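This structure is a prediction, so every number in the text was calculated from the model and none was measured. Sequence lines set the chain letters: A, B, ... in the order given, protein chains first and strands last, and positions in each chain run from 1.
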4 protein chains.
Amino acid sequence: MRIKDPNKKEAIFRAALSLVLEVGFSGLKISKVARAAKVATGTVYVYFNNKEELINQLYLELKKRSAQDYVKGLEEGQSFEDRFDIVWYNYLQRALEQPEEAAFLEQYYRSPYLDEGTLEATEELLLPIFSLLEEGQDQGKVKNLPVELLVAHLSGSLNELARWQHSGKISLGNTLKADARQLAWDSIKK
Amino acid sequence: MRIKDPNKKEAIFRAALSLVLEVGFSGLKISKVARAAKVATGTVYVYFNNKEELINQLYLELKKRSAQDYVKGLEEGQSFEDRFDIVWYNYLQRALEQPEEAAFLEQYYRSPYLDEGTLEATEELLLPIFSLLEEGQDQGKVKNLPVELLVAHLSGSLNELARWQHSGKISLGNTLKADARQLAWDSIKK
Amino acid sequence: MRIKDPNKKEAIFRAALSLVLEVGFSGLKISKVARAAKVATGTVYVYFNNKEELINQLYLELKKRSAQDYVKGLEEGQSFEDRFDIVWYNYLQRALEQPEEAAFLEQYYRSPYLDEGTLEATEELLLPIFSLLEEGQDQGKVKNLPVELLVAHLSGSLNELARWQHSGKISLGNTLKADARQLAWDSIKK
Amino acid sequence: MRIKDPNKKEAIFRAALSLVLEVGFSGLKISKVARAAKVATGTVYVYFNNKEELINQLYLELKKRSAQDYVKGLEEGQSFEDRFDIVWYNYLQRALEQPEEAAFLEQYYRSPYLDEGTLEATEELLLPIFSLLEEGQDQGKVKNLPVELLVAHLSGSLNELARWQHSGKISLGNTLKADARQLAWDSIKK
DNA sequence: TATGAATGAGGGTTCATTCAT
DNA sequence: GATGAATGAACCCTCATTCAT
């Protein structure tokens with residue numbers, strides 16, 4: 001018996017992701033995914049039981065990878081301000097570099113494929129960010145508002161910046177990124 | 001002879017909108033829209049040549065209505081701060097009251113129905129908001145950053161707040177709304 | 001009560017006929033017929049109970065008109081040869097001048113609208129032609145073959161000539177018409 | 001892996017043909033074709049991109065097959081009269097045996113599916129018949145008229161005979177066939 | 001009678017999924 | 001496991017017919 005090829009699963013993920021950016025969620029056809037991944041249609045069903053499972057597994061995968069990215073570079077002994085900066089830049093960086101991801105997630109949340117269980121499984125992935133902000137509050141550096149409010153505010157701003165950049169309405173060079181970070185910081189700082 | 005019933009067009013709009021929130025864009029079937037609007041399938045085609053046209057007209061309609069809402073209550077002689085407040089609250093209010101609208105717009109931008117021409121037709125609708133911020137900059141009250149950056153930041157934050165409220169992750173009472181407005185204000189003020 | 005307008009019925013007939021030539025039988029939509037006849041869709045149903053009836057009445061009408069045309073100019077005292085000539089030319093003339101009619105009839109015979117009763121009602125219309133050939137046989141001028149065979153042969157040839165003319169594959173001037181008549185005559189003459 | 005089954009394409013052709021005879025061109029529904037061919041609806045689309053393509057490919061196929069039939073039995077060294085006889089009988093035979101073909105072709109020429117390119121592709125298929133008549137003219141056996149006129153006359157007559165036979169208005173036994181051939185021959189012979 | 005908006009059954013086509021190889 | 005032909009439910013849209021005016 002041959003063994004499942006992890007490269008193929010990854011290729012299918014990649015294909016699905018790039019297709020969502022290209023043709024939207026409603027244009028995501030299994031046959032197109034297969035062609036883009038250079039496998040046969042039926043092969044997709046070797047790795048996923050059905051389209052829903054493919055989409056939900058892809059969601060999970062994306063969330064895990066992004067969560068890892070957000071905390072990249074965080075180390076013991078860094079000041080709160082430094083840690084905030086790192087996370088903020090990580091988040092922006094990923095949003096800018098992976099426009100497919102945002103496209104996918106936006107569509108996923110509104111789609112009939114959304115699975116409550118899968119959703120819950122990813123909630124904890126943002127815990128490090130919540131903790132970070134609580135840490136800032138404990139140090140008296142961040143406004144004493146519900147962290148959910150702060151996270152919604154910050155992530156909403158960041159995602160929108162990436163969207164506008166992607167659609168060409170703004171052009172984020174290093175200066176503008178720093179300006180945006182300043183906006184974020186000014187808003188939450190005590 | 002019966003004459004075209006404007007209520008029907010509106011009913012179809014409403015039905016389409018609420019279905020997008022319910023089942024997503026990819027679940028938006030004309031037959032379902034018709035049923036929800038309490039008309040026959042064919043009737044939809046009396047008012048719209050095809051699905052694409054329905055969706056684009058709905059987009060235009062939503063944009064126009066929201067643009068009108070944003071500037072509601074603005075009057076001559078108000079201070080910049082007051083005007084900012086009004087627009088900010090108007091925006092939040094509409095986002096909270098019309099979750100279908102956000103659902104529709106998010107999906108529209110990613111859909112194959114997106115029409116460049118239709119898009120352009122709505123660009124000017126945000127001009128009043130851009131002007132307002134420029135007014136604040138002229139008065140030395142708002143940071144001298146590209147207004148696009150400011151608008152992306154503010155609207156991204158507001159939309160995300162509405163999303164989190166709608167999904168139950170936060171609960172925006174009057175106090176929290178005021179807090180959020182403070183976040184916004186602190187971020188852009190000079 | 002207003003009275004049915006015979007001009008409208010005729011206009012509908014004309015519209016239907018010209019549309020069949022233009023778009024074929026399967027492209028014959030009641031709404032298009034109505035538009036072409038400059039009446040409202042519903043008006044068609046004032047004059048005909050349904051599409052089938054419209055088509056069958058049109059068929060009958062065409063058959064009657066053409067049968068009248070075929071014997072136009074026939075008079076007492078003409079020789080058989082002259083009478084054959086007249087009928088042959090009449091038939092060709094009508095086929096050439098009314099390409100819509102041929103288009104309609106060909107499609108009608110193959111269509112699900114074909115009605116056995118309507119068909120029978122037109123059989124007698126060709127009797128004069130059958131009689132004419134029998135007359136020729138009685139005079140020893142025409143081959144003693146079943147007249148149906150002769151009529152099929154002659155009408156098939158004539159219709160095809162008109163078709164080729166209409167499609168541009170031949171160009172029937174007076175000389176060629178006379179040549180074709182000679183072909184016909186040589187074939188049936190004893 | 002299954003491979004495309006050529007029998008299926010042929011089965012679809014057959015099904016389409018017999019349906020045209022049965023219910024006419026406008027009654028030709030892909031779903032009915034599929035059922036008659038004993039395949040699923042979608043399978044038709046494995047072999048043809050759409051209805052138009054099915055119809056045009058069928059047209060081409062029929063034309064090719066009939067053109068082959070017409071010259072069956074022709075051999076070197078046969079006299080012109082023998083060759084004319086063979087082709088004339090071949091043509092009649094096919095018309096009698098394949099009434100679906102005539103039904104299909106008549107409708108095709110009047111249909112919106114008619115494709116100019118496909119049409120041209122079949123024009124050369126009749127060349128052998130044109131050549132045959134020219135040969136007869138060269139030998140001084142056939143009237144010196146445009147061969148198009150002769151072909152229109154002969155084929156029109158033959159097709160109509162087959163139609164009348166099929167509709168029961170005549171009954172072509174061997175004697176009557178010979179009579180009809182004599183009609184044809186008398187008409188074109190010098 | 002005349003109109004054209006409204007209806008809904010039905011057709012062409014797509015595509016998630018299955019299955020024979 | 002891999003393939004892609006085969007399947008058929010379901011979608012968009014059309015159009016004969018009806019109906020309110």
Side-chain angles (χ1 to χ4, degrees), chain A residues 1-5 8-9 26-35 38-55, chain B residues 1-5 8-9 26-35 37-54, chain C residues 1-5 8 26-35 37-55, chain D residues 1-5 8-9 26-35 37-54:
Chain A
M1 185 188 96
R2 273 174 278 177
I3 205 165
K4 285 189 192 176
D5 180 348
K8 264 179 197 152
K9 190 165 184 176
S26 55
L28 191 69
K29 327 283 185 203
I30 293 291
S31 59
K32 280 190 188 175
V33 171
R35 184 184 311 265
K38 293 184 180 169
V39 297
T41 307
T43 306
V44 175
Y45 286 85
V46 172
Y47 294 88
F48 306 93
N49 284 320
N50 49 46
K51 193 177 178 181
E52 183 177 358
E53 204 172 270
L54 160 60
I55 286 174
Chain B
M1 181 193 81
R2 277 178 267 182
I3 56 165
K4 274 192 196 177
D5 182 348
K8 247 162 219 163
K9 192 165 185 176
S26 55
L28 190 69
K29 321 294 181 194
I30 292 291
S31 57
K32 284 189 189 173
V33 171
R35 185 184 309 270
K38 293 184 181 167
V39 297
T41 309
T43 305
V44 175
Y45 291 87
V46 171
Y47 292 88
F48 305 93
N49 284 320
N50 49 46
K51 193 178 176 180
E52 183 176 359
E53 208 172 87
L54 160 59
Chain C
M1 186 187 96
R2 273 174 280 177
I3 206 164
K4 285 191 192 175
D5 180 348
K8 263 178 197 153
S26 55
L28 190 71
K29 328 286 185 200
I30 292 291
S31 58
K32 281 190 187 176
V33 171
R35 183 183 310 265
K38 294 184 181 167
V39 298
T41 308
T43 306
V44 176
Y45 286 85
V46 171
Y47 294 88
F48 304 93
N49 283 320
N50 50 45
K51 192 176 178 181
E52 184 177 356
E53 205 172 89
L54 160 60
I55 286 174
Chain D
M1 180 194 81
R2 277 179 267 182
I3 56 163
K4 273 192 197 177
D5 182 349
K8 247 163 220 164
K9 191 165 185 174
S26 55
L28 190 69
K29 323 292 181 194
I30 292 290
S31 56
K32 284 189 188 173
V33 171
R35 185 184 307 271
K38 293 184 181 167
V39 297
T41 308
T43 307
V44 176
Y45 289 86
V46 172
Y47 292 88
F48 305 93
N49 285 320
N50 49 45
K51 192 177 178 182
E52 182 176 359
E53 207 171 88
L54 161 58

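- Both key distances under 3.5 Å define a Watson-Crick or G-U pair, and stretches of 3 or more such consecutive pairs in DNA chain F run E:2-21 with F:2-21.
- Atom CZ in R35(B) sits about 13 Å away from atom P in dT7(E), given to the nearest Å.
- Set against dA6(F), dA6(E), dG8(E), the side chain of K8(B) has dA6(E) as its closest nucleotide.
- When rounded to the nearest whole Å, the span between CZ of F48(D) and P of dG12(E) equals 15 Å.
- Looking at heavy-atom distances under 4.0 Å, V44(B) makes no contact with the nucleic acid at all.
- When all heavy atoms of S26(A) and S26(B) are compared, the pair lying nearest together is CB-CB, 3.6 Å.
- In terms of position along DNA chain F, the nucleotide closest to K38(A) lies nearer the 5' end than the nucleotide closest to the other residue of the pair D5(D) and K38(A).
- T43(A) contributes atom OG1, which lies 12.0 Å from atom CD1 of I30(A) (distance to the nearest 0.5 angstrom).
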- Task: Can you check each nucleotide of nucleotides 14-19 of chain E against protein heavy atoms at under 4.0 Å and return B for base, S for sugar-phosphate only, - for none, in 5' to 3' order?
- Result: BSSBBB
- After noting the C-alpha distance and the side-chain angles of V46(A) and V39(A), does the key distance pass the side-chain contact (heavy atoms from CB on, under 4.5 Å) rule? CA-CA 11 Å; V46(A) 172; V39(A) 297; over 6 Å; no
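- Rounded to an integer number of Å, the gap from K4(D) NZ to dA6(F) P is 8 Å.
- Between Y47(C) and L54(C), the closest side-chain pair of non-hydrogen atoms is not below 4.5 Å.
- Among the atoms of the strands shown, only primed sugar atoms or phosphate atoms (P, OP1, OP2) are found under 4.0 Å from some heavy atom of Y47(C).
- The one candidate from E52(A), E53(A), K51(A) that meets the side-chain hydrogen bond (donor to acceptor under 3.5 Å, both in side chains) condition with N49(A) is E53(A).
- In this view, K29(B) and S31(B), K32(B) satisfy the side chain to side chain contact (heavy atoms under 4.5 Å, CB included) rule, not counting sequence neighbours.
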